[in-house]
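Presented below is the structure to which this report refers.
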Amino acid sequence: MLSRKGIIPEEYVLTRLAEDPTEPRYRARERRARFVSKKGNCNVAHKNIREQGRFLQDVFTTLVDLKWPHTLLIFTMSFLCSWLLFAMAWWLIAFAHGDLAPIEGAGEPCVTSIHSFSSAFLFSIEVQVTIGFGGRMVTEECPLAILVLIVQNIVGLMINAIMLGCIFMKTAQAHRRAETLIFSKHAVIALRHGRLCFMLRVGDLRKSMIISATIHMQVVRKTTSPEGEVVPLHQVDIPMENGVGGNSIFLVAPLIIYHVIDANSPLYDLAPGDLHHHQDLEIIVILEGVVETTGITTQARTSYLADEILWGQRFVPIVAEEDGRYSVDYSKFGNTIKVPTPLCTARQLDEDRSLLDALTLASARGPLRKRSMAVAKAKPRFSISPDSLS
């Protein structure tokens with residue numbers, strides 16, 4: 001009707017009718033894809049690999065990397081195929097020697113009690129797994145049968161060795177130990193010793209220690225070189241500080257690892273307004289060490305996106321001394337509290353140190369003001385008038 005009266009153009013009405021009213025017209029920008037997940041898995045898909053044969057050059061590592069169902073299926077098929085292959089060899093030896101249909105007065109058979117393929121298959125299983133029921137055995141009549149017996153024993157030992165090695169490596173993989181190495185869900189940026197610092201908390205839930213533990217941190221972001229080359233995953237190492245100095249840590253209790261944001265830091269121009277999910281920023285933390293009980297090197301990883309970094313907050317203490325020893329309250333592992341922090345970049349703070357002085361003065365006035373307000377609000381319960389004294 002409106003289009004017929006000329007109020008709304010007919011093309012606009014047809015366009016609006018063709019649109020889906022349930023579909024939003026404006027879509028929010030999707031969150032940046034993680035390079036490393038919170039659990040430490042690398043979010044990388046390998047496609048169009050042409051030289052697939054390289055994986056077969058290292059069969060043992062390929063078997064260890066496979067999932068449990070695939071590994072067990074391969075080992076089961078290996079045993080079945082080897083049993084069937086040597087069963088066929090034993091059946092052919094018996095057939096060629098005439099042991100399947102023995103004639104009266106014939107000589108001694110190569111393998112006793114083999115009359116069909118089923119009996120040859122049973123004998124193959126007995127030889128490879130060394131069961132030895134006693135009903136079937138190799139005689140000295142055929143040298144070829146003795147050679148097949150030796151070859152089958154060697155093949156069976158090799159399959160058993162590979163199977164046991166793969167099962168041991170899969171059950172003792174390094175990432176299993178990393179399940180008890182935990183990181184705080186959020187990282188924080190606050191003042192420490194008068195400098196803005198990026199801080200996170202790391203802990204170990206087991207009593208067995210991680211020997212020679214080291215921690216590293218990298219900033220991953222998309223950059224463009226002066227020549228115009230786009231680097232989608234540009235990794236920059238940044239130094240981490242801890243209580244003992246350097247990258248080595250003594251992880252007997254949860255530690256707060258921090259990075260001083262100075263002029264050499266890639267976070268030097270990071271402002272509070274940049275901490276949102278649209279920001280192209282990811283900080284990867286890698287903890288590596290040797291497991292005390294097994295001697296295997298393990299590695300735990302996590303990452304923090306921009307919206308997982310809290311500005312102006314600090315981790316609460318969780319280590320306390322009780323009954324002559326230190327206790328750790330892991331229920332407060334990721335808890336934070338707000339602390340006075342300048343809402344500017346580290347560059348601006350270095351250029352204008354008066355921002356830090358003003359923040360210190362404001363934080364000092366805060367408790368005094370609260371205390372004076374509390375005193376002013378307190379009312380006396382009784383009063384003494386001058387008339388009562390006279």
* Asked: So do the side chains of V219 and Q235 get within less than 4.5 Å of each other, counting heavy atoms only?
  -> no

* Determine the minimum heavy-atom distance between E140 and I146, stating which atoms define it. => CA-CD1, 4.5 Å

* Asked: Just wondering, more than 12 heavy atoms not from F95 lying within 6.0 Å of its CZ?
  -> no

* Asked: Are side-chain heavy atoms of I74 and L63 found at a separation under 4.5 Å?
  -> yes

* Distance (rounded to the nearest 0.5 Å) between F123 CZ and W90 CH2 -> 5.0 Å

* Pairwise salt bridge (charged side-chain N to carboxylate O under 4.0 Å, His left out) hits with a residue in residues 70-93, at least two apart -> none

* If you look only at pairs with a residue in residues 272-354, which of them pass as a disulfide bond (SG atoms under 2.5 Å apart), with sequence neighbours excluded? -> none

* To do: Please check if the side chain of N43 supplies one atom and the backbone of F35 the other of a donor-acceptor pair under 3.5 Å.
  => no

* Is I337 reachable from L343 through a run of hydrophobic residues whose side-chain heavy atoms are each under 4.5 Å from the next? -> no

* Asked: Is the side chain of N160 donor-acceptor paired with the backbone N or O of G156 at a distance under 3.5 Å, no angle test?
  -> yes

* Asked: So which of N335, T341, T336 actually passes side-chain hydrogen bond (donor to acceptor under 3.5 Å, both in side chains) with Q313?
  -> T336

* Structure fact -> The remaining residues in the hydrophobic cluster of I211, counting side-chain heavy-atom contacts under 4.5 Å among Ile, Leu, Val, Met, Phe, Trp and Tyr, are V290

* Rounded to the nearest 0.5 Å, how far apart are CZ of F86 and CG of N153? -> 9.0 Å

* Sidechain-backbone polar pair: K170 side chain, V64 backbone, donor-acceptor under 3.5 Å -> yes

* For V231, the rest of its hydrophobic cluster, which grows through side-chain links under 4.5 angstrom -> none

* salt bridge (charged side-chain N to carboxylate O under 4.0 Å, His left out) partners for K39, two or more places apart -> none

* To do: Please collect all side-chain hydrogen bond (donor to acceptor under 3.5 Å, both in side chains) contacts where either partner lies in residues 114-126, sequence neighbours excluded, each pair once.
  => S124-Q152, E126-R136

* Residues two or more places apart in sequence or in another chain: which of them pass disulfide (SG to SG under 2.5 Å) with C142? -> C110

* Test salt bridge (charged side-chain N to carboxylate O under 4.0 Å, His left out) applied to R221 and D280, step by step -> CA-CA 6 Å; R221 65 195 335 169; D280 186 13; over 6 Å; no

* Asked: Does any N or O in the side chain of R201 come within less than 3.5 Å of the main-chain N or O of G334, such that one atom is a donor and the other an acceptor?
  -> no

* Is the charged tip of R192 near the ring of Y258: under 6.0 Å from the six-membered ring centre and within 45° of its axis? -> yes

* **Results of salt bridge (charged side-chain N to carboxylate O under 4.0 Å, His left out) for R301 - residues two or more places apart only** => none

* Linking I/L/V/M/F/W/Y whenever their side-chain heavy atoms sit closer than 4.5 Å, directly or via other members, would I238 and Y304 fall into one cluster? -> yes

* Please test E282 against S303 for side chain to side chain donor-acceptor pair (under 3.5 Å), starting from the C-alpha separation and ending with a verdict. => CA-CA 7 Å; E282 182 176 0; S303 68; 3.1 Å; yes

* Asked: Shared ILVMFWY cluster between I125 and L149, side chains joined below 4.5 angstrom?
  -> yes

* Do you know the tightest heavy-atom contact between F75 and C166? -> CZ-CB, 3.8 Å

* Asked: In terms of hydrophobic clustering (I, L, V, M, F, W, Y; side-chain heavy atoms under 4.5 Å; direct or indirect links), are L205 and L287 co-clustered?
  -> no

* Asked: Taking only residues two or more places apart in sequence or in another chain, which ones pass side-chain contact (heavy atoms from CB on, under 4.5 Å) with M137?
  -> T112

* Structure fact -> By side chain to side chain donor-acceptor pair (under 3.5 Å), D329 pairs with (sequence neighbours left out) S331

* Contact list for residues 65-85, test side-chain hydrogen bond (donor to acceptor under 3.5 Å, both in side chains), sequence neighbours left out -> S82-Q128

* **Contacts of type salt bridge (charged side-chain N to carboxylate O under 4.0 Å, His left out), residue E292, not counting sequence neighbours** => none

* To do: Calculate, to the nearest 0.5 Å, the distance between atoms CG and CG belonging to L181 and L251 respectively.
  => 7.0 Å

* Structure fact -> In short, I283 meets L267 closest at the heavy-atom pair CD1-CD1, 4.0 Å

* Spell out, as yes or no, whether a donor-acceptor pair under 3.5 Å connects the side chain of T345 to the backbone of Q348. => yes

